Novice: 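After the structure tokens below, expect a handful of questions from me.
Below, chain A is the first sequence line, B the second, and so on; all start at residue 1. Keep in mind it's a predicted model, so treat the numbers as computed, not measured.
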There are 2 protein chains.
Amino acid sequence: MTQTRPGGRTARTRAAVLTATVDELIETGYAGLSMESVAHRAGVHKATVYRRWGTLEGLLVDALTFFADQSVPTPDTGDIDGDLRELARSALAVLADRTGQALVRAMVSAGHHSQVAQVIRAFWADHTTMVAEIVARAVRRGELPPDTRPADVSRAIGAPLYMRLLVTAEPLDSAAADQAAAAVAAAARAGVFASS
Amino acid sequence: MTQTRPGGRTARTRAAVLTATVDELIETGYAGLSMESVAHRAGVHKATVYRRWGTLEGLLVDALTFFADQSVPTPDTGDIDGDLRELARSALAVLADRTGQALVRAMVSAGHHSQVAQVIRAFWADHTTMVAEIVARAVRRGELPPDTRPADVSRAIGAPLYMRLLVTAEPLDSAAADQAAAAVAAAARAGVFASS
DNA sequence: ATCTGATGCGACGAATCGTTGCATTAAGGG
DNA sequence: CCCTTAATGCAACGATTCGTCGCATCAGAT
């Protein structure tokens with residue numbers, strides 16, 4: 001029976017290596033990431049990193065699961081505009097943070113790898129579930145068309161913010177988040193995200 | 001006096017190398033791009049590539065200017081909805097094409113390099129100028145609020161499409177483009193992109 | 001036809017990569 | 001407390017890649 005040892009040194013090593021991974025991502029990006037530099041920054045021998053994670057992709061996937069554990073509660077402000085604004089500001093909190101930026105950029109750079117793609121799909125599936133709840137309440141209140149697609153709303157909230165981070169390199173401030181929320185609200189009310 | 005020779009072999013070499021660059025980007029992405037593989041695919045010695053372009057960044061910048069020369073005429077369909085739909089479909093044409101995808105992904109991966117960032121800024125400045133013309137006409141027709149910000153409209157059109165390409169890996173079809181255009185139209189009409 | 005910029009060619013030192021065998025450390029059970 | 005054995009440290013390695021160099025050759029341009 002092969003025993004595994006989750007506690008003590010193993011956990012310390014994992015935390016050190018994954019923290020070092022993010023710090024390296026912040027400084028050099030995924031393109032400049034190397035197993036050896038991560039190991040050195042973590043104060044760990046490179047053979048350890050190779051044995052535990054194997055590849056850069058494995059390192060990134062573990063880092064993503066390690067740092068993305070904190071789940072945000074579903075907003076419920078009483079109207080769709082407030083809920084969408086809360087969602088946009090949650091997204092902003094991640095995308096304006098150095099760690100969040102580094103991880104998102106790395107996800108994009110490594111998005112073609114199957115395991116990374118799986119993490120991305122899982123994230124957006126969760127996000128869509130959250131949005132579905134908000135949309136359902138808005139429909140009940142008569143604020144939105146009954147056949148409004150949660151997935152479309154989910155993507156539309158984040159799109160302007162990801163655009164700023166990844167493409168145009170424009171500032172990520174609360175004004176941007178609020179504008180994103182307002183744009184989605186207007187479009188959703190107009191039935192742009194309705195299936196019929 | 002140092003002479004430069006733009007014609008004949010020089011131009012052929014440039015075309016071969018830049019085409020090879022894009023083909024490599026399509027196959028391996030910017031992360032997997034190397035001067036040597038580009039040279040080999042172009043049927044050119046690697047020293048030539050190093051001498052002419054120096055770095056991967058230089059190669060990418062030249063490839064971007066080489067393939068992004070075709071300018072699109074400003075749409076003028078008679079109403080803002082039609083114009084925005086045309087704009088979105090033009091963006092779709094680029095983002096749905098293998099070459100366009102490869103170049104956009106590379107731009108994102110190398111966006112931190114100053115010259116690449118400069119190309120990106122120039123592109124969006126041009127795009128904003130085009131949108132400004134469309135918005136001005138729409139304002140004259142009374143379709144949009146007078147203080148609608150062209151830059152915001154410009155980004156909002158592309159955002160859902162870039163989101164699909166870079167983040168969620170969802171299909172880039174005409175339905176996506178039309179939805180993006182409709183969402184922007186609704187938001188713009190509601191005054192979300194107005195400065196006041 | 002001549003001049004000269006551009007390219008081809010091969011080789012090089014340097015750096016990086018991923019692996020391997022063995023010694024050492026420390027977690028976890030008795 | 002001791003023992004077993006994961007987990008890690010360590011050093012070295014062959015392989016590969018990287019960027020540069022000197023020199024020979026090719027082909028525009030005049």
Novice: Would you please name every residue forming a ring-ring contact (aromatic ring centres under 6.0 Å, His included) with B:Trp124, sequence neighbours left out?
Specialist: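 Only B:His127, B:Tyr162 meet the ring-ring contact (aromatic ring centres under 6.0 Å, His included) criterion with B:Trp124.
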
Novice: Is B:Arg51 touching bases, backbone alone, or none of the nucleic acid, heavy atoms closer than 4.0 Å?
Specialist: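 Base contact.
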
Novice: Got a sec, which residues hit salt bridge (Lys or Arg N to Asp or Glu O under 4.0 Å) with A:Arg85, two or more places apart in sequence or on another chain?
Specialist: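 Expected list: none.
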
Novice: Tell me whether the OP1 or OP2 atom of D:dG28 has a side-chain N or O from B:Thr10 closer than 4.0 Å.
Specialist: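 Negative; the distance criterion is not met.
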
Novice: Sequence neighbours left out, cut at 3.5 Å: what donor-acceptor pairs do the side chains of residues 94-108 of chain B make with other protein atoms?
Specialist:
from: B:Asp97; atom 1: OD2; to: B:Thr99; atom 2: N; distance (Å): 3.0
from: B:Asp97; atom 1: OD2; to: B:Gly100; atom 2: N; distance (Å): 3.0
from: B:Gln101; atom 1: NE2; to: B:Leu95; atom 2: O; distance (Å): 2.9
from: B:Arg105; atom 1: NH1; to: B:Leu165; atom 2: O; distance (Å): 3.4

Novice: Rounding to a whole Å, what distance do you find between A:His40:NE2 and D:dA11:P?
Specialist: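 Value for this atom pair: 13 Å.
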
Novice: What about A:Arg9, does its side chain sit under 3.5 Å from the base of C:dT25 through a donor-acceptor pair?
Specialist: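 Indeed, a donor on one side and an acceptor on the other fall under 3.5 Å apart.
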
Novice: Sort and list the pairs that fulfil salt bridge (Lys or Arg N to Asp or Glu O under 4.0 Å) and have at least one residue in residues 176-196 of chain B, not counting sequence neighbours.
Specialist: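 Listed by first then second residue: B:Asp81-B:Arg189, B:Arg89-B:Asp178.
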
Novice: B:Glu86: what forms a salt bridge (Lys or Arg N to Asp or Glu O under 4.0 Å) with it, not counting sequence neighbours?
Specialist: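 Checked B:Glu86 against salt bridge (Lys or Arg N to Asp or Glu O under 4.0 Å); zero matches.
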
Novice: Show each protein N/O and nucleotides 17-20 of chain D N/O combination with a separation under 3.5 Å, one pair to a line.
Specialist:
from: D:dG19; atom 1: OP2; to: B:Tyr50; atom 2: OH; distance (Å): 2.6
from: D:dG19; atom 1: N7; to: B:Lys46; atom 2: NZ; distance (Å): 3.0
from: D:dG19; atom 1: O6; to: B:Lys46; atom 2: NZ; distance (Å): 2.9

Novice: Between the side chain of A:Asp83 and the main-chain N/O of A:Thr77, is any donor-acceptor distance below 3.5 Å?
Specialist: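 Present.
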
Novice: Using only atom types and a distance under 3.5 Å, with no angle test, would you say the side chain of B:Thr129 pairs donor to acceptor with the backbone of B:Ala125?
Specialist: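 Looks like yes, one N/O pair under 3.5 Å.
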
Novice: By side-chain contact (heavy atoms from CB on, under 4.5 Å), which residues pair with B:Ala31, not counting sequence neighbours?
Specialist: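 side-chain contact (heavy atoms from CB on, under 4.5 Å) list for B:Ala31, sorted by chain: empty.
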
Novice: Kindly say if A:Thr13 contacts the phosphate of D:dT8, meaning a side-chain N or O under 4.0 Å from OP1 or OP2.
Specialist: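 For A:Thr13, the contact criterion (side-chain N or O under 4.0 Å from OP1 or OP2 of D:dT8) is met.
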
Novice: Quick one: ring pair (Phe, Tyr, Trp, His ring centres under 6.0 Å) pairs with a partner in residues 11-41 of chain B, sequence neighbours left out?
Specialist: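 Pairs touching residues 11-41 of chain B that pass the test: none.
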
Novice: Figure out the CZ/C1' separation between A:Arg12 and C:dA27, and round it to whole Å.
Specialist: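 Going from A:Arg12 (CZ) to C:dA27 (C1'), I get 10 Å.
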
Novice: If you group Ile, Leu, Val, Met, Phe, Trp and Tyr whenever their side-chain heavy atoms sit less than 4.5 Å apart, what else falls in with A:Val135?
Specialist: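 ILVMFWY cluster around A:Val135 also holds A:Ile80, A:Leu84, A:Leu87, A:Met130, A:Val131, A:Ile134, A:Val139, A:Leu144, A:Val153, A:Ile157, A:Val184, A:Val192, A:Phe193.
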
Novice: Return all side-chain donor-acceptor pairs below 3.5 angstrom for residues 110-119 of chain A, not counting sequence neighbours, or 'none' if the list is empty.
Specialist:
from: A:His113; atom 1: ND1; to: A:Glu57; atom 2: OE1; distance (Å): 3.2
from: A:Gln118; atom 1: OE1; to: A:Arg121; atom 2: NH2; distance (Å): 3.0

Novice: Strictly below 4.0 Å, heavy-atom distances to any atom of DNA chain C: list the hits from residues 14-25 of chain B, or just say none.
Specialist: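 None - not one residue of the stretch has a heavy atom sitting under 4.0 Å from the strand.
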
Novice: To the nearest 10 degrees, how far apart in direction are the end axes of the helix from C:dA1-D:dT30 to C:dG30-D:dC1, each fit to five base pairs?
Specialist: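 Angle reported: 40°, given to the nearest ten degrees.
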
